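Scroll down for the structure; my scribbles are underneath it.
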Amino acid sequence: MISVRYHRGLELPEHGLWLDPEDPRPFAFVSHAHADHIARHPEFIASAGTARLMQARLGGERQGHILEFGQPASFRDFQITLLPAGHIFGSAQSLIESEHGSLLYTGDFKLRRGLSAEPTEWRHAETLIMETTYGLPKYRLPPTEAVMARMVAFCQESLEDGAVPVLLGYSLGKAQEILCAILKAGLTPMLHGAVYQMTEIYRQLKPDFPDGYERYSAGKVEGKVLICPPSANRTIMLTRIKNRRVAVLTGWALDPGATYRYQCDAAFPLSDHADYTDLVRYVDLVQPKRVLTLHGFAAAFAADLRERGFDAWALSEENQLELLLRRAPSTPQPERPAAPVAAMPQSEFGAFATLGDQIANSTSKLKKIALLADYLRSLNETQLPIAARFLTGRAFAQSDMRTLQVGWAVIKRAVMAAGGLAEQEFRAISRQYADAGKATYEALLERTTPRDFSLVDALALFDQLHAARGPLVKGELLQQRLAALTPLEASYLVKILTGDLRIGLKSGLVEEAIAAAFQADLHTVREAQMFTGDLGEVAALASKNQLEEASLHLFRPIQVMLASPEPTAQAVWSRIAAHDAPAAWTEDKFDGIRAQIHLGSGRAEIFTRDLRQITGQFADLARAARSYPGEAILDGEILAYEQGRRLTFFDLQKRLGRKTEDDLFLGANDIPVVFKAFDLLYLNGTSLLKRPLAERRLALESLTLPPGLEVAPIHRVASAEEIEAAFQAARARGNEGLMIKDGASFYTPGRRGQAWLKFKKELATLDVVVVGAEQGHGKRSHVLSDYTFAVRDEVSGHLLTIGKAYSGLTDEEIEELTEHFTATTIARHGRYREVVPEIVLEIAFDSIQPSDRHASGLAMRFPRIKAIRRDKTPEQIDTIAHARRLVATEMVSH
DNA sequence: GCTGATGCGTC
DNA sequence: GTCGGAC
DNA sequence: GTCCGACGACGCATCAGC
């Protein structure tokens with residue numbers, strides 16, 4: 001076998017020949033003309049193309065042996081044959097044959113066909129020395145055409161936005177390949193000086209190389225695609241182009257976070273090196289007795305090959321000895337030292353975040369519960385409730401009225417500042433990741449100096465954020481903390497801030513884990529959760545075996561019982577019949593705010609369905625309620641109410657949002673309200689939750705309620721027809737629809753069961769045309785799922801927007817429409833795309849009212865897409881006048 | 001003092 | 001509030 | 001069947017910037 005030594009290049013000591021040495025050597029083979037491979041060797045062997053490019057780059061006089069591909073040449077005691085390597089124009093492999101054996105050195109190579117390099121050839125050899133830049137299985141490049149298509153789309157979108165697309169690729173080889181693709185797509189390229197120079201040489205060497213490009217000139221770059229070497233990124237030349245969108249083309253684009261590593265907006269995986277698949281394939285083609293690997297993941301790939309039965313070793317200074325002594329294989333050492341492991345032990349919050357990731361990474365429900373239970377058990381009394389709350393994506397307990405007032409805008413600014421990222425870089429990262437947590441992780445990777453952070457610290461931070469006034473102050477606080485966290489910790493902090501952990505953890509699973517961790521009965525845990533509305537407290541109680549303490553208490557709100565929707569009277573009746581019930585109760589479905597009123601000892605508190613206290617906003621109601629002599633918990637609805645004037649839900653909302661406490665007397669503009677009670681959960685020390693509705697109703701009707709609190713009337717129905725009649729009567733009374741309840745049912749807090757049904761009908765439908773589309777969020781971030789639509793002004797003929805919707809379409813339909821709207825985009829305004837108005841939708845809604853949100857001056861309540869009307873053209877959509885008539889009919893019908 | 005952006009909570 | 005989809 | 005995520009309009013509060 002031919003001996004090989006490695007020191008800043010390969011040496012074949014028996015033959016006095018160097019292969020691609022980094023420093024000048026007396027006699028060397030130069031595989032290709034990239035700057036890191038060429039040096040001023042007095043005597044060298046190269047292909048004609050490489051020699052020509054070398055001359056252009058280095059100048060000067062040297063003794064060059066220029067060999068034709070496939071033609072063997074003899075030197076001293078060896079014979080050498082050059083073979084095309086497919087890396088760039090002129091790149092060559094060398095096959096060396098002598099009395100010691102045969103050796104094939106690939107240099108940089110790839111197997112896929114490029115636009116500029118000669119197609120790769122190979123020969124059998126005893127020893128194969130190969131470059132293994134992408135020697136890990138995760139580096140599998142997508143087909144070139146697909147990458148090029150994405151790159152072209154990136155350019156087109158940038159141009160549509162009025163931005164200058166900038167593509168980064170090596171000036172020799174890749175830049176020319178990019179150039180060809182850009183020309184083919186009909187776009188106008190402009191070349192950075194270095195790229196221009198190389199391309200000119202290319203054209204001399206390859207007469208068929210396309211024309212139609214020009215050298216960069218600052219004033220003329222608008223509307224063109226600029227191609228630059230990677231080194232040009234962040235240079236003054238580029239930063240002067242204000243509205244630029246930069247994409248890098250490199251195999252490393254397969255790494256997550258590539259955009260931020262390269263500080264650009266996009267990264268596309270295109271490489272002049274063989275990817276993992278081709279590396280393996282090449283070894284199979286050459287069938288060597290021994291493989292020596294070089295560059296990139298050399299050690300990992302060698303180990304991989306050994307597992308495939310090859311005698312394979314990484315060539316580097318370190319395992320030189322191992323190689324020469326031919327010792328038995330030990331565990332492969334990684335080529336790149338692993339990222340320095342923090343000497344600091346993991347913080348408490350870090351452990352929480354790690355657990356989150358473990359849960360996210362396991363698909364088995366049982367495993368998630370087991371992981372979670374172990375974790376919960378490991379916590380002390382202080383940590384437990386905090387962690388349990390965080391696990392549900394909340395900073396505070398549900399019953400805690402505090403809010404952070406920290407949304408995506410504040411988080412974004414804080415993350416950018418903490419990581420020292422520019423708006424553009426951050427946008428590029430966050431665009432890739434649907435969820436804020438992941439984007440934060442990528443944005444902060446290797447950009448923070450972590451300090452210890454406990455669960456209590458995290459809670460304290462949330463307290464501070466709540467207390468801080470104004471988004472700027474909050475952002476500042478958050479930024480300082482983020483800068484002192486590990487990226488993983490930061491991502492979980494952000495996940496909690498956005499209220500969304502996204503690790504496949506439902507609150508139900510946390511309940512199961514609590515039960516498992518403390519050997520508690522799952523049902524008891526669930527019940528405790530309904531009573532307390534705070535998993536933190538439930539966990540704490542469970543750990544102390546005191547779950548029974550969570551029960552119905554006066555002035556502690558419990559979750560409300562919910563109803564399932566049914567579309568028709570017949571559907572409602574089928575449900576009832578399925579329960580073998582001879583009849584059911586009906587109530588009007590009021591269009592107000594669900595409320596739970598606790599009364600007792602001269603005190604009254606009002607809570608929303610989210611267990612928020614709103615006593616202050618409805619002080620007039622509370623004041624009246626206080627006069628009730630006994631103890632009771634009422635479930636019902638607060639309604640805007642005024643004799644002789646129709647008040648709407650929107651009137652009611654005016655009071656809801658208000659922060660200031662109601663004054664002793666109603667202000668002149670205040671909306672008067674009444675409370676319609678429809679259930680009684682507790683009476684004079686006794687919980688009625690586990691009594692049938694019929695009994696609860698009887699008790700409710702026996703109460704003498706103070707003025708302002710009324711009992712909602714009920715009726716009995718025993719057929720679909722009676723249900724329909726009751727519905728019509730409810731509508732005639734100005735109510736939204738009908739509630740239908742099983743008289744035998746218990747009150748199940750927080751559940752949406754079949755015991756309570758709700759029956760509403762859409763008001764009407766409108767045929768509209770889609771004029772705009774937007775990207776969705778989360779799971780829908782890769783589709784255009786958000787459609788703005790319009791009706792026609794029959795006078796001017798203009799389209800006037802009237803609403804937005806996505807709800808009602810299947811995933812498949814959304815995908816279809818995404819494709820359609822991508823193709824028919826007229827203009828882009830940020831996220832919003834104006835599209836050709838041709839898709840007609842039928843939109844259903846519950847009501848329609850004047851609004852200045854949309855150009856039509858109308859807006860719908862609960863709009864949903866009922867159908868895509870492919871049978872209709874935009875000329876056939878409804879008119880604004882028709883829509884206005886619907887507003888009118890609704891007004892008079894009540 | 002007004003306006004627009006943002007956050008939150010109601011349906 | 002609405003809806004479709006996953007389990 | 002039940003839960004969950006991704007969505008609608010609206011109103012108020014708060015703050016930043018004019």
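From a predicted model like this one, the values you see are computed outputs, not experimental measurements.
No contact: A:Leu652 has no heavy atom under 4.0 Å from any strand. In this structure, A:Lys412 reaches neither bases nor backbone, as no heavy-atom distance under 4.0 Å exists between it and the strands shown. Counting non-hydrogen atoms under 4.0 angstrom, A:Lys760 reaches the backbone sugars and phosphates but no base. Across all strands, A:Ile865 comes closer than 4.0 Å to no nucleic acid atom at all (heavy-atom distances).
Rounded to whole Å, atom P of D:dC3 lies 17 Å from atom NZ of A:Lys368. Protein atom CZ of A:Arg853 is 5 Å distant from nucleotide atom P of D:dC10, rounded to whole Å. Rounded to an integer number of Å, the gap from CG of A:Leu763 to P of D:dA9 is 17 Å. Taking atom CD of A:Gln559 as the reference point, atom P of D:dC3 lies 11 Å away to the nearest angstrom. Atom NZ in A:Lys367 sits roughly 17 Å away from atom P in C:dC7 (whole-Å rounding). Summarising the geometry, the separation between CG on A:Leu562 and P on D:dG1 is reported as 17 Å, rounded to the nearest angstrom. Between the C1' atom of D:dA16 and the CD atom of A:Glu476 lies a distance of 16 Å, rounded to the nearest Å. Counting to the nearest Å, the C1' atom of C:dG1 and the CE atom of A:Met860 are 16 Å from each other.
Side-chain atoms of A:Arg655 come within 3.5 Å of backbone atoms of A:Ile671 as a donor-acceptor pair (strictly under, hydrogens ignored). Within the 3.5 Å criterion, the main-chain N or O of A:Ala790 finds no donor-acceptor partner in the side chain of A:Thr801. Of the possible donor and acceptor atoms, one in the side chain of A:Arg831 sits under 3.5 Å from a partner among the backbone N and O of A:Gln775.
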Check nucleotides 9-11 of chain B for protein N or O atoms closer than 3.5 Å to its own N or O atoms and list the pairs.
{"residue": "B:dG9", "atom": "OP1", "partner": "A:Arg612", "partner atom": "NH1", "Å": "3.2"}
{"residue": "B:dG9", "atom": "OP1", "partner": "A:Arg612", "partner atom": "NH2", "Å": "3.0"}
{"residue": "B:dG9", "atom": "N2", "partner": "A:Gln653", "partner atom": "NE2", "Å": "2.8"}
{"residue": "B:dT10", "atom": "OP1", "partner": "A:Thr608", "partner atom": "OG1", "Å": "3.1"}
{"residue": "B:dT10", "atom": "OP2", "partner": "A:Asp610", "partner atom": "OD2", "Å": "2.7"}
{"residue": "B:dT10", "atom": "O2", "partner": "A:Gln653", "partner atom": "NE2", "Å": "3.1"}
{"residue": "B:dC11", "atom": "OP1", "partner": "A:Arg594", "partner atom": "N", "Å": "2.9"}

Quick one: which protein N/O atoms are closer than 3.5 Å to N/O atoms of nucleotides 2-6 of chain B? Pair and distance per line, please.
none

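For A:Lys676 and A:Glu637, the salt-bridge test fails: no basic side-chain N is under 4.0 Å from an acidic carboxylate O. Under 4.0 Å is where a charged nitrogen must lie from a carboxylate oxygen, and between A:Asp679 and A:Lys741 no such pair does.
A search for salt bridge (charged side-chain N to carboxylate O under 4.0 Å, His left out) contacts involving A:Arg828 returns A:Glu157, A:Asp161, not counting sequence neighbours.
Between the side chains of A:Thr524 and A:Glu527, no donor N or O sits under 3.5 Å from an acceptor N or O.
For the pair A:His777 and D:dG5, the criterion of a side-chain N or O lying under 4.0 Å from OP1 or OP2 is not met. Listed pair A:Arg575 / D:dG1 meets the phosphate criterion, a side-chain N or O lying under 4.0 Å from OP1 or OP2. Between A:Arg864 and C:dC3, a side-chain N or O to OP1/OP2 separation shorter than 4.0 Å is present. In terms of phosphate contacts, A:Ser851 brings a side-chain nitrogen or oxygen within less than 4.0 Å of OP1 or OP2 of D:dC10. The phosphate of D:dA6 has neither OP1 nor OP2 within less than 4.0 Å of any side-chain N or O from A:Lys779.
The shortest distance between side-chain heavy atoms of A:Ser564 and A:Arg575 does not fall below 4.5 Å.
Annotation: cation-pi geometry satisfied between A:Lys495 and A:Tyr492 (NZ/CZ under 6.0 angstrom from ring centroid, within 45° of ring axis). Under a cutoff of 6.0 Å and an axis angle of 45°, A:Arg861 and A:Phe649 form a cation-pi pair.
With D:dA16, D:dG1, D:dC7 as the choices, the nucleotide that has an atom nearest any side-chain atom of A:Pro471 turns out to be D:dA16. Of the listed nucleotides (D:dC7, D:dG1, D:dC15), D:dC7 has the atom at the smallest distance from the side chain of A:Arg780.
Positionally, the nearest nucleotide of DNA chain D for A:Arg751 lies more toward the 5' end than for the other of A:Arg751 and A:Ser807. In terms of position along DNA chain D, the nucleotide closest to A:Gly750 lies nearer the 5' end than the nucleotide closest to the other residue of the pair A:Asp786 and A:Gly750.
Atom name C1', nucleotides C:dG1 and B:dC8: the rounded distance is 16 Å, in whole Å.
Taking the six-membered ring for Trp and the full ring otherwise, the centers of A:Phe590 and A:Phe678 sit at least 6.0 Å from each other.
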